[in-house]
Each structure stands twice: as C-alpha cells, then as structure tokens.
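The block underneath contains the structure these notes are about, expressed in structure tokens.
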Amino acid sequence: MREVVTRFPPEPNGYLHIGHAKSICLNFELADDFGGKTNLRFDDTNPLKEDAEYVRAIQEDVRWLGFQWDRLCFASDYFEQMYERALLLIRKGLAYVCDLSAQEIRQTRGTLTQPGVESPYRNRTVDENLELFGRMRQGEFASGERVLRARIDMASPNINLRDPVLYRIAHATHHRTGDAWCIYPMYDYAHPLEDAIEGVTHSICTLEFADHRPFYDWVIRECEMPVASKQYEFARLNMTHTVMSKRKFKLLVEEGVVDGWDDPRMPTISGLRRKGYTPESIRNFCREIGVAKSYSVVDERMLEHFVREDLKLRALRTMAVIDPLKVVITNYPDGQIEWLEAENNSENEALGTRQIPFSKVLYIERDDFTETPPPKYFRLFPGNEVRLKHAYFIRCQEVIKDAHGRVVELRCTYDPETKSGSGFTGRKVKGTLHWVEAGHAQKAEFRLFEPLVGDIADEEATSTPSDDDQTVQDADRAFLGELNPTSLRIFQGFVEPGMKEAKPYDKFQFFRHGYFSVDPVLTSADRLVFNRVVSLKSSFEV
Ligand code: ATP
Ligand code: MG
C-alpha cells in the first residue's frame, strides 16, 4: 500500500472561506489518520485572476487553523512538464490546435441530448499541430486566437469529454512565472497532472466535479503519468445567510460593501478570525458537519454554537455598557470608591477574581430602563428596584430629561444592606443589571453584526472553472441586490477599568451581551474596539 498523500489546492484568486476550512480539515485530518502527508498546493494556472497577496493570506489562514503542510507546491512549477505532456498528446493524435473562438466552441459543444459538432481543425496533422502549438508558446498569436484541445469524442454523453480545451493563450504577467509563458493550461487538464506529479493518492474535490472524473482519468492515462491519483468527491459546505464563494466575496470587497476580506461580517477565515472565532471552534464545527455525498445547507447557528462552547470556560466574564445611560446614587457618599470582588468566570474558578469599583455615578444600559414598563418588565422603571450585578439593589426615584425630552440621567437610591455576597435575604428583586462605574470606566467601541445577505444559500454549487465566465459573472452579481442594510451597528460605551490592558484578539463574555473580541485592526493606543463574536443564546441545539 502506498502512503496516503492528500493536498489542499486553492487557486490564489481570493481569501479562503469557511467552506475551504471544511476541505482543509478533511484533507489534513484524513492524511493524519493514516499517517500520511498533505501538501498545500497553489493552483495558479490563471494569471488574470491571481495575486501574490492571496498566496500569502492563504498560507496564513491554513497555519492559523492549526495545520502544517508537508510540501508547499505551485502548479506553475510544473508548466514545463505540462507542456511536454501536451506535446505527447499531440504526437499520439490526441490533441489539436483549434482556431474556433470561445463562443464557437461553446456553440458546437452540443447539449445533454444532442451530440457536439466536430471542429473543422480537428484533423490537422501531428506536424501541423506541433508547429502551431510551438508558435502559440512563442507568443505569435493574440490572446484567445487559438487553443489546444483534446481529441476525444464530440458525441460523448459526458460533455466534459467533447474535445475539452487544454491550453489557452493569455498575454498576462503571472505572479510567479512573470512573462515566461503566454499559454496557460486549463484547470481540468492541469489538476490531474499536478496530483500525479506530487504523488497524491486521494484527490478530494467537491461534488460538482464528479462529471469531470472521466476526463481526470483520461489525462493521467493518456499523458502516461507514472503514478495514478484518484479523485473522490464530497458535498461542498453551504450555509444559511451567506454566499460561499471567493468570487462573490471579492465582489463585496470591490464594491466597498465591506471593509476588506477580513471584515468581521465575512465568513472568510480571516473575517472569522478578526471577529473573534478560534481555530478550535472552526475545526470542531468542520468535524461535526461531517463529510457527505449529498447537497445540504448548514444552519449558520451551528457555527456559532461551536464558538460559544469553546469560549464558555476560557473567556473572562466582565461587564460592558454598550449604550450608556447615567445613573446617580443620591444617598451614596460623595467621592467614595468601593472595590467589590467579582469572579472572572462563574463556571471556571481557575480564572480567579478581580476588583471592580463602585461609586455614586454609574452607567447602565439605556434599554434597561423604560418609563412605561410593559407587563413582566423586571428592569428599571420609576419606583422599581433592581440588583446591580456584584453590587447593591438600587431603586429608581427620578428621571432627568434634556430639552428634547430624551432621558439623560436617572436618580436612584441604593440599600447598603443588600451588598452582593453579604447574605442579605430581606427581599427579592427579579431584575439583575450590568453596569460600569463612571469615574474609572474605560471608553470602548462595540461592533454588532448581522448577516450580510438575506436567507439565500449559495446557488453556484454547479459552476466549475471550465464554465463560461460571463454567465458565471452575471449570476454572481445577483446577490448584491439582497444585502442587509443593518449588517453592522456601532456603539460607543464603556467597559470595566481592568480592560484598559486588553490586547487584540483578547476575548470576553460581557454579561448579558455575549462574547466579544478585541479588533486587531481598529484598536490603537487611544481606541478600544470590540467585535461581537456571538450573542449568548441561540435556539439552536446540536
Ligand atoms: P470559489 O468558487 O469560492 O472561488 P473554489 O471552489 O473555486 O471556490 P478553490 O480555490 O478552487 O476554490 O478551492 C480549493 C479547494 O477548496 C477545492 O478542493 C474545493 O473543492 C474546496 N472548496 C471550495 N469551496 C468549498 C466549500 N464551500 N465546501 C467545501 N470545500 C470547498
Ligand atoms: Mg473555483
């Protein structure tokens, strides 16, 4: 038995997303289970869409997920070998130079019920083909003027075998090979060769490539590759409330809908990282959804469930007021500061305790107060008493408004007998509010997110690199009409003083608000920005 070798083969035409994470976990963990190896291979055969920045970002993301590749490979390193194999196909009478335009090739390909029409150039002699292909390489023809096609069967029930294109002309500078080449291999021709050259045993791809498998096998056989790789297909990941395609994410970036590839609203790996996801939560999610042969759409709340589980015991539980309303405790001594003991995580004692200040002036959450309480409203309203977490009971005595009638301050009284931890049992209150002491509070910005798009699942599950560009591009743009206008909401508020020291990616559970992570891009010496990773509760159970 050969050693198991897998590969993760991204095209460097964008940043990786959560769907790629599924493929990464599958490839790396499968090889690992069998004591094998996994290569990271850049499928860089289309210079028009690729960039060195993506090559860098993809490596960073794979490493961050916790995987180390055996070899770092580039399809472009095999261009010469691929060219040699193409010459072999020509000599065997299995490839020819075709002068039809892309549109003519499409029109003569036939349909599922009708055979295709043979190209008038199909019966060129071997010598003529060798000469023309050599001249294609030399740059004698314009982009798109000629292609090299496999010579298989225009009547095949499998459209992928109707003389597919092997090489096209593109006068473009490649991010690695520069201007050394002006002909580039097509994905369906290049991929099997890349696998075979690297000795990949299990070439794992998504279901839409199932119909390409006969051509995959044809290339390996007819190119006389010494080692045969086998293709296996699995269902791609689709998730509710998001599209799932590099091309579509690229549109969001280019149209300025988001801040960049790492915008926390993007289900890219870098977006999830910036939002505050952990590698463990993503790996656990990928394990849970499993590998199947049938198409399905995963509820995005399942991904949220895994980050909540992961942060539950790790994150410090502190208080943050996202939309502040000032509270003055009228019977509390002027200028007095009391330091109260608070546990850092009630479910994990190992995280210890901290001291938080309490004084006459505090902030509470604006929507924890109402003048006209609906039934069963247990938070603050005139005359009502609530508990302040880790501190005292307070009662609302007076409401102060500005000239526009907006509530700007609450005057309250506190009861010294009710101090948290004192064993007070005199009376009970139903509401417990979070708060921050005003004098010591640390200013902070909070970013709350909602899905970018409405409830549409990714519908491009059937498009592959060999599909027509224009059709794909038009379909790609459709979702831009479905964007959610409230996908980002920004608030200016306060956190506890101890959080002045918070560093990028530090994670907290803010009492009643959910899990937050310090934004690595927007945070600076005088600006502290938190992204909400996920709210506390969800109706979803795994
Ligand atoms: P896009 O269409 O978004 O650009 P892609 O499939 O073309 O994505 P590649 O760079 O070609 O992206 O993909 C690298 C690997 O990741 C491939 O093996 C592909 O099958 C896999 N992959 C891509 N999207 C998903 C997904 N949603 N679920 C699972 N695997 C995926
Ligand atoms: Mg693709």
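We count ligands from 1, going down the list as the structure has it; atoms in each ligand are counted the same way. A quick note: this is a predicted structure, and the numbers were derived from the prediction, not measured.
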Per-atom contacts, ligand 1 versus [X] - under 4.0 Å to a heavy atom:
X      : result
Thr206 : 20 (O), 29 (C), 30 (N), 31 (C)
Leu237 : 26 (C), 27 (N), 28 (N), 29 (C)
Pro10  : 10 (O), 14 (C)
Met244 : 27 (N)
Arg247 : 2 (O)

- Query: Will you find, in the side chains of Thr38 and Asn27, an N or O donor that is under 3.5 Å from an N or O acceptor?
  - Reply: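 Side-chain D/A pair, Thr38 to Asn27: absent.
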- Task: Ignoring hydrogens and angles, state whether a donor on the side chain of Gln103 or Ser101 is under 3.5 Å from an acceptor on the partner side chain.
- Result: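 Side-chain D/A pair, Gln103 to Ser101: absent.
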- Purely on distance, is any nitrogen or oxygen of Glu11 under 3.5 Å from one on ligand 1?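 Yes: some nitrogen or oxygen of Glu11 is under 3.5 Å from one in ligand 1.
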- Query: Any nitrogen or oxygen of Pro9, main chain or side chain, under 3.5 Å from a nitrogen or oxygen of ligand 1?
  - Reply: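 Among all N and O atoms of Pro9, none is under 3.5 Å from an N or O of ligand 1.
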- Message: Can a donor-acceptor pair be found, under 3.5 Å and without considering hydrogens, that links the side chain of Asn13 to the backbone of Lys49?
- Response: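 No, Asn13 side chain to Lys49 backbone: no donor-acceptor pair under 3.5 Å.
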- Pick from Arg7, His20, His191: the one approaching atom 12 (O) of ligand 1 most closely through a non-hydrogen atom: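 Of the listed residues, His20 has the closest heavy atom.
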- Task: Could you name the option among Ser245, Gly19, Cys25, Ala21 that has the heavy atom nearest to atom 30 (N) of ligand 1?
- Result: Gly19
- Indicate the ring-plane relationship of His174 and Tyr184, choosing parallel, tilted or perpendicular according to the 30° and 60° boundaries. parallel
- Side chains of Tyr96 and Asp163 in contact at under 4.5 Å (non-hydrogen atoms):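 Yes, at least one pair of side-chain atoms sits under 4.5 Å.
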- Are the side chains of Arg146 and Tyr121 in touch, meaning some heavy atoms are under 4.5 Å apart? no
- Does ligand 1 have any atom that is closer than 4.0 Å to a heavy atom of His17?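 Judged by the 4.0 Å heavy-atom criterion, His17 does count as contacting ligand 1.
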- ligand 1 versus Phe234, non-hydrogen atoms closer than 4.0 Å: side chain, backbone, both, neither? side chain
- Message: Residue-level breakdown please: for Phe8 versus ligand 1, do any non-hydrogen atoms fall below 4.0 Å on the side chain, on the backbone, on both, or on neither?
- Response: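 Under 4.0 Å from ligand 1, Phe8 contributes side-chain atoms alone.
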- Query: Does Phe508 have its ring centroid less than 6.0 Å away from the ring centroid of Phe516?
  - Reply: no
- Message: Check this for me, if you would: do Glu198 and Arg7 make a salt bridge, where the nitrogen-to-carboxylate-oxygen distance has to be below 4.0 angstrom?
- Response: no
